[in-house]
Amino acid sequence: MDRRKRKRNSHRAAWLASLLGLLLLAGLALWALWALWARPRREAERIRAQALEEYARGEYQGVFLGEGTLEAYDAQWFSQYRGEDILIIPQGLGRQGLLDVLGDMLALEQPPARVYLELRSVYGPEAEVFLQSLETLVEQAVYTQFLIQIFPRPLEDWRGLSPQERLEQSASLGEAIERISGWRSISLYYMGDRPWMAANPSNYREGELLADVAKTQFLLGFVDGEYAYGLGGGPVAIARLEEMFADMEAWAKELELDRQSQADYVFLGDSLFGNYRDTMSIPGVTAAFSGSRVWNCAVGGSVAADMNQRGYGLLPMAERLSGDKAYWKEELNSLGAGHLPPGVASLWDFREQHKTERRLLFILNHGVNDYMSGLPLEDVPGQLGTKSALALAIDMLAEAYPHAEFLIMTPGYITYFDYGREIRHAHGGTLMDYVEASQTVAATKGAVCLDSYAFLDLDPDKAWDYLEDGCHPNAQARYMLGREIARMAAQ
């Protein structure tokens with residue numbers, strides 16, 4: 001009897017111990033879940049309190065808040081380009097966090113005179129509630145001006161959706177643009193329907209804009225007021241998105257070639273290449289769509305017919321690439337890379353890193369500065385002509401790099417000098433003569449030719465859609481040219 005009783009007691013004790021263990025595990029799990037739930041709230045409260053404290057401590061004219069991170073933005077941009085001291089809250093606040101911090105800011109005795117916002121919750125069912133809450137805050141802030149940009153969603157994200165999801169979310173975006181455009185005292189900007197922004201995968205890292213790209217968006221939108229949307233803009237944005245989707249699908253299907261990951265593309269030219277050195281430059285776009293290594297050795301202001309041996313025109317740059325390495329490297333060693341034009345420093349990086357087993361393509365673009373500077377097209381006593389300089393440069397590079405291929409991009413459209421119709425030199429011609437000279441040299445030397453003048457097909461009415469001044473291509477034109485070089489090089 002005692003033995004059975006002791007056995008029952010032993011089983012009961014074991015059962016109670018198991019129950020207590022399970023309760024302890026359940027308690028620990030509940031605590032962990034609570035901690036996971038509470039941690040973001042505590043972090044949000046910390047950011048909220050810190051933002052209010054920082055705003056009260058400084059003398060700010062406004063704030064910049066975003067649902068996602070704003071770490072790519074610099075407060076100095078606002079002071080330099082808009083003359084304002086703006087407090088940037090760099091952490092991504094999320095939907096509710098943005099509403100909470102904005103509500104706190106607008107409830108201050110002296111609320112911000114200007115509020116910059118970056119929105120992302122404009123797609124799908126959650127957009128309705130979020131935009132309703134945001135509209136309430138905006139309408140109540142009668143003394144505050146709002147400048148709102150919608151984050152440019154990468155095209156890769158759109159392409160990851162099903163056709164039905166893409167249709168629904170683009171419609172939701174259009175509705176959001178229409179709704180926000182009707183609010184009081186707002187300016188709305190959106191660049192996500194522009195291929196130069198959204199279709200270039202190199203503009204993003206882990207779904208966020210690179211700093212150079214964020215600055216371009218800031219300058220074009222908040223500073224210059226471009227890409228603004230008003231009432232009626234929703235359908236326009238949807239149509240542009242659909243056009244971008246179709247263009248990329250057609251382009252990818254047409255290409256269907258391996259990315260040139262074992263290729264080096266060397267760009268030699270003037271400011272059309274050299275003045276832009278980010279992912280939105282012509283070389284940067286080519287790199288994004290080809291997968292090649294790109295070396296931007298172009299120098300702004302340079303010409304093809306440069307007789308200065310130590311200059312930065314086409315011939316002295318070809319000499320640096322093909323001449324005695326030790327002799328020319330003295331320039332790098334004596335001055336240092338920081339005291340040379342970026343194109344020259346890039347040239348030396350190429351010479352150090354290129355291996356002959358890699359495919360090599362030289363991309364040349366010269367002629368527009370020769371034309372505008374009044375340099376001769378044909379040779380004259382004491383001066384090499386532009387046509388001969390292009391041919392000689394190719395000969396020099398081909399001798400030094402027998403495995404190299406060549407692509408010449410012609411001069412493009414300009415508005416200066418009566419749209420390039422003036423004759424600037426007795427032995428020159430109109431700009432079109434310099435374009436034809438590039439075509440002739442390409443044909444003679446077996447190089448591929450991209451006629452950028454014909455490719456963009458500009459005229460006085462369309463010029464400012466693709467030029468940022470009288471001769472330099474804007475972001476969209478650079479995107480088109482860079483992608484076309486990638487296509488031609490791959491084929």
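Residues: numbered from 1 along the sequence shown.
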Legend entry - Over 12 foreign heavy atoms within 6.0 Å of CZ, Phe146: yes

Legend entry - Cation-aromatic face contact Arg293/Tyr265, 6.0 Å, 45 degrees: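 No, a cation-pi geometry is absent between Arg293 and Tyr265.
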
Inset, instruction - Examine Phe64 together with Trp77 and report whether their ring centres are nearer than 6.0 Å. - result: no

Inset, instruction - Kindly say whether the aromatic ring centers of Phe289 and Tyr479 come within a distance under 6.0 Å. - result: yes

Hydrogens and angles aside, do [X] and [Y] bring a side-chain donor and acceptor to less than 3.5 Å of each other?
X: Ser121; Y: Glu67; value: yes
X: Asp349; Y: Gln353; value: no
X: Gln217; Y: Tyr73; value: yes
X: Asn203; Y: Thr279; value: yes

Is [Y] close to [X] at the side-chain level, that is, under 4.5 Å between some pair of heavy atoms?
X: Pro473; Y: Glu468; value: no
X: Arg179; Y: Glu128; value: yes
X: Tyr81; Y: Gln76; value: no

Legend entry - Pairing of Asp74 and Lys215 as salt bridge, 4.0 angstrom limit: no

Inset, instruction - Answer yes or no: is there an ion pair linking Arg120 with Glu208, defined by an N-O contact shorter than 4.0 Å? - result: yes

Inset, instruction - Please say which of Thr286, Asn200, Asp247 ends up in a side-chain hydrogen bond (donor to acceptor under 3.5 Å, both in side chains) with Arg483. - result: Asp247

Inset, instruction - Taking ring pair (Phe, Tyr, Trp, His ring centres under 6.0 Å) as the test, write out the residues that go with Tyr116, two or more places apart. - result: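 Phe78, Phe222.
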
Legend entry - Arg48/Asp104 under salt bridge (charged side-chain N to carboxylate O under 4.0 Å, His left out): CA gap, chis, key distance, verdict: CA-CA 8 Å; Arg48 190 173 174 181; Asp104 290 342; 2.4 Å; yes

Inset, instruction - Just say parallel, tilted or perpendicular for the rings of Phe350 and Trp295, cut-offs at 30° and 60°. - result: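 Taking Trp295 first and then Phe350, their aromatic rings stand perpendicular (interplane angle over 60°).
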
For residues 227-245, dump all side-chain donor-acceptor pairs below 3.5 Å to protein atoms at least two apart in sequence or in another chain.
from: Tyr227; atom 1: OH; to: Trp196; atom 2: NE1; distance (Å): 3.3
from: Tyr229; atom 1: OH; to: Asp193; atom 2: OD2; distance (Å): 2.3
from: Tyr229; atom 1: OH; to: Arg240; atom 2: NH1; distance (Å): 2.9

Inset, instruction - For the pair Glu168 and Arg166, evaluate salt bridge (charged side-chain N to carboxylate O under 4.0 Å, His left out) and give the outcome as yes or no after the intermediate values. - result: CA-CA 6 Å; Glu168 291 172 355; Arg166 190 186 296 174; over 6 Å; no

